Amino acid sequence: MTDKIKELILRLDKDRSLSLPEYEELIRDRDSEAAELLAELALKRKKEIFGDAIYTRGLIEISSICKNDCIYCGIRCSNDKAERYRLSEEEILDCSDEGYELGFRTFVLQGGEDPYYTDEILCSIVQNIKAKHPDCAVTLSVGERTRDSYQALYDAGADRYLLRHETADPVHYAKLHPASMSYDNRMRCLRDLKEIGYQVGCGFMVGSPYQTQKELARDLKFIEEFGPAMCGIGPFIPHRNTPFRDEQSGTMELTLYLLSVLRLINPKLLLPATTALGTVDPRGREKGVLAGANVVMPNLSPRSVRKKYELYDNKICTGEESAQCRGCLELRMESVGAYLAVDRGDAPGYTI
Ligand code: 5AD
Ligand code: FES
């Protein structure tokens with residue numbers, strides 16, 4: 001590690017901020033020694049706030065139907081080989097009941113942008129989950145909607161919203177998405193969600209096509225300035241039925257490095273050790289926790305649909321039952337000195 005990189009890391013830990021060129025340098029000139037120092041500081045900061053607790057969210061993948069055509073994504077509308085399904089309100093409520101029994105106090109309803117889920121239908125689902133489980137948080141992750149729609153869902157009881165920004169660079173954004181989607185609308189959604197009062201999660205893929213250190217530096221600056229409650233990052237993994245089928249996966253090494261950097265930018269940030277990280281390496285999620293992550297999101301979807309929610313190839317956890325996923329993660333977390341908290345796991349500083 002050069003003296004300059006060491007200085008940048010120590011200054012980031014002190015000031016929680018670097019300039020754009022400095023973030024770029026921190027990524028470009030990294031080595032294993034720098035990664036070790038970052039992880040050590042990241043773990044220290046994480047423990048000061050969260051101790052050894054890892055927050056869990058039960059992920060319910062409500063629909064593989066999507067009207068969008070993101071180039072990287074396995075459930076893009078032009079993948080005519082994708083198997084499509086949609087869960088009914090009853091099925092979603094059943095998943096949340098099962099999740100509650102297993103100790104989950106947050107449910108994440110995630111799906112493609114499926115027009116079936118009108119405000120009316122989604123509001124009813126949110127209201128019913130909250131009525132049955134008033135001590136639980138409901139997180140939505142169903143893509144870009146109007147401000148009025150976000151407001152209605154918030155009024156129905158949704159607490160949080162996950163919408164990855166995907167990349168904080170408009171030119172890069174345009175290379176990953178069809179012309180019908182826009183960077184400006186993505187950012188508008190994130191601003192609206194924050195203003196309405198949601199705990200907002202954004203995030204990006206590591207190693208997505210055309211991504212360089214410059215784009216990643218912008219992502220880091222964006223997180224620093226936007227101040228999300230959560231930031232989901234995981235390696236890009238190609239899907240065989242997308243135009244990016246021959247692209248390389250993002251690496252675990254760079255993902256772990258960025259997790260540590262994000263922890264130093266905001267020690268209170270909720271940072272999931274993602275399924276994609278567990279897909280590129282069998283111990284990816286454990287290593288993510290050792291690099292500074294503090295959230296895991298095991299799958300609560302009915303086993304019959306799991307393989308169909310295939311955003312990328314070889315996704316893990318598609319053959320297991322919900323209880324198996326929870327038990328598996330419990331053991332994995334114990335193996336790195338952490339434990340799964342039975343708790344809503346709100347971002348520190350947010351009141352219920
Ligand atoms: N590889 C990794 N992550 C992906 N996502 C979508 N497609 C892929 C892929 N091929 C991520 C996106 C999206 C989230 C739900 O999954 O960042 O926001
Ligand atoms: Fe799903 Fe391990 S977390 S099988």
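Owing to the predicted nature of the structure, the values given are computational and were not obtained by experimental measurement.
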Side-chain touch [X]/[Y], heavy atoms, less than 4.5 angstrom:
| X | Y | value |
| --- | --- | --- |
| Tyr309 | Ser301 | no |
| Met1 | Glu36 | no |
| Tyr117 | Ile65 | no |
| Ser208 | Glu215 | no |
| Glu166 | His177 | yes |

Report the distance from atom [atom1] of [X] to atom [atom2] of [Y], rounding to the nearest 0.5 Å.
| X | Y | atom1 | atom2 | value |
| --- | --- | --- | --- | --- |
| Leu329 | Glu334 | CG | CD | 11.0 Å |
| Ile75 | Ser63 | CD1 | OG | 7.0 Å |
| Ile54 | Glu330 | CD1 | CD | 12.0 Å |

query = By salt bridge (Lys or Arg N to Asp or Glu O under 4.0 Å), which residues pair with Glu144, not counting sequence neighbours?
reply = Arg186
Please check this pair: side chain of [X] against backbone of [Y], looking for a donor-acceptor N/O pair closer than 3.5 Å.
| X | Y | answer |
| --- | --- | --- |
| Thr255 | Gly234 | no |
| Lys67 | Asp114 | no |
| Tyr183 | Ala174 | no |

Under a 4.0 Å threshold between the charged nitrogen and the carboxylate oxygen, would [Y] count as salt-bridged to [X]?
| X | Y | answer |
| --- | --- | --- |
| Asp159 | Arg344 | yes |
| Asp69 | Arg76 | yes |
| Glu98 | Arg326 | no |
| Lys221 | Glu224 | yes |
| Lys315 | Glu310 | no |
| Asp192 | Arg188 | yes |

query = Can a donor-acceptor pair be found between the side chains of Asp184 and Ser182 at a distance below 3.5 Å?
reply = no
message = Would you say Gln199 and Asp346 are linked by a side-chain donor-acceptor pair, where the criterion is simply a distance under 3.5 Å?
response = yes
message = For Arg263, run the side-chain contact (heavy atoms from CB on, under 4.5 Å) check against Asn294, Asp13, Leu41 and tell me which one passes.
response = Asn294
Residues in side chain to side chain contact (heavy atoms under 4.5 Å, CB included) with [X], at least two apart?
| X | answer |
| --- | --- |
| Glu22 | Leu8, Arg11, Leu18, Ser19 |
| Phe244 | Ile71, Tyr72, Leu176, Pro209, Tyr210, Phe236, Thr242, Glu247 |
| Val336 | Arg283, Glu286, Val289, Leu290 |

ask   = Of all residues at least two apart in sequence or in a different chain, which pass the ring-ring contact (aromatic ring centres under 6.0 Å, His included) check with Phe226?
value = Phe222
request  = Determine which pairs satisfy ring-ring contact (aromatic ring centres under 6.0 Å, His included) with at least one residue from residues 32-65, sequence neighbours left out, and list them in order.
outcome  = Phe50-Tyr55
message = On the six-membered ring of Phe107, is Arg57 placed so that its NZ or CZ lies under 6.0 angstrom from the centre and within 45° of the ring axis?
response = no
query = Which is it for Ser124 and Gln127 under the side chain to side chain donor-acceptor pair (under 3.5 Å) test, yes or no, and what are the steps along the way?
reply = CA-CA 5 Å; Ser124 156; Gln127 276 158 355; 5.4 Å; no
query = Please walk me through it: do Asp219 and Tyr23 pass side chain to side chain donor-acceptor pair (under 3.5 Å)?
reply = CA-CA 10 Å; Asp219 287 320; Tyr23 279 129; over 6 Å; no
query = Does the side chain to side chain donor-acceptor pair (under 3.5 Å) test come out yes or no for Asp148 and Thr146, once each step is laid out?
reply = CA-CA 5 Å; Asp148 285 350; Thr146 63; 5.5 Å; no
Verdict with supporting geometry, Ser149 and Asp119, side chain to side chain donor-acceptor pair (under 3.5 Å) = CA-CA 6 Å; Ser149 171; Asp119 291 348; 2.7 Å; yes
key: Heavy-atom neighbours of Lys268 NZ exceed 12 at 6.0 Å   = no
message = Apply side chain to side chain contact (heavy atoms under 4.5 Å, CB included) to residues Asn241 and Asp80 and explain how you reach the verdict.
response = CA-CA 9 Å; Asn241 298 328; Asp80 53 20; over 6 Å; no
ask   = Going only through I, L, V, M, F, W and Y residues with side-chain contacts under 4.5 Å, is there a path from Met205 to Leu269?
value = no
